[in-house]
Amino acid sequence: MKTMQLELRPALFWDVNVEEVDLKKHRASVIERITTRGRMDEFRAMVKFYGQETVKNTLLNARHLDKRTLSYCSLIFDVPITEFRCYKLAQLNPEHWNY
């Protein structure tokens with residue numbers, strides 16, 4: 001049986017050694033980093049590797065997603081923005097000048 005591997009682009013993980021990233025242990029970090037800074041093909045490969053439900057649940061519980069990523073994830077996974085943890089946290093801590 002062939003095992004699937006997720007290719008990590010070193011530019012996305014500039015702060016760590018890519019060979020030392022454990023895809024199961026660091027799942028949340030990998031999913032958040034690829035979602036916020038990765039390319040569309042990397043996002044698709046990540047969803048195929050981890051499964052849609054795992055990616056969705058991880059992103060629902062993420063502490064921070066920028067507004068564009070949050071809107072994209074809401075649309076892709078058909079979940080209201082208000083269900084995301086990062087949205088709830090942002091509502092509790094409003095920015096002084098929110099442009």
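Quantities reported herein were computed from a predicted structural model and do not represent experimental measurements.
Looking at Thr82 and Lys88, their side chains never come closer than 4.5 Å, going by heavy atoms from C-beta outward. Counting only heavy atoms from C-beta outward, the side chains of Leu59 and Asn57 never approach each other to under 4.5 Å. The closest side-chain heavy-atom distance from Arg9 to Arg39 is below 4.5 Å. Side-chain contact between Leu60 and Arg85 is absent, with no heavy-atom pair separated by less than 4.5 Å.
The minimum heavy-atom distance between Thr35 and Cys73, with the atom names listed, is CG2-SG, 3.7 Å. The heavy-atom pair separating Ser74 from Pro80 by the smallest distance is OG-C, 3.9 Å. The shortest heavy-atom contact between Ile31 and Met46 is CA-SD, 3.5 Å.
In this pair, Phe77 and Phe43 present their aromatic rings tilted. The plane angle is within the 30 to 60° band.
Annotation: side-chain hydrogen bond (donor to acceptor under 3.5 Å, both in side chains) contacts of Thr36 (sequence neighbours excluded): none.
Taking 4.0 Å as the cut-off between side-chain N and carboxylate O, Asp15 and Arg33 count as a salt-bridged pair.
Within 6.0 Å of atom CG in Asp78, 12 or fewer heavy atoms from other residues, nucleotides or ligands are found, so the atom counts as exposed in its surroundings.
With hydrogens and angles disregarded, a donor-acceptor distance shorter than 3.5 Å links the side chain of Thr54 to the backbone of Tyr50.
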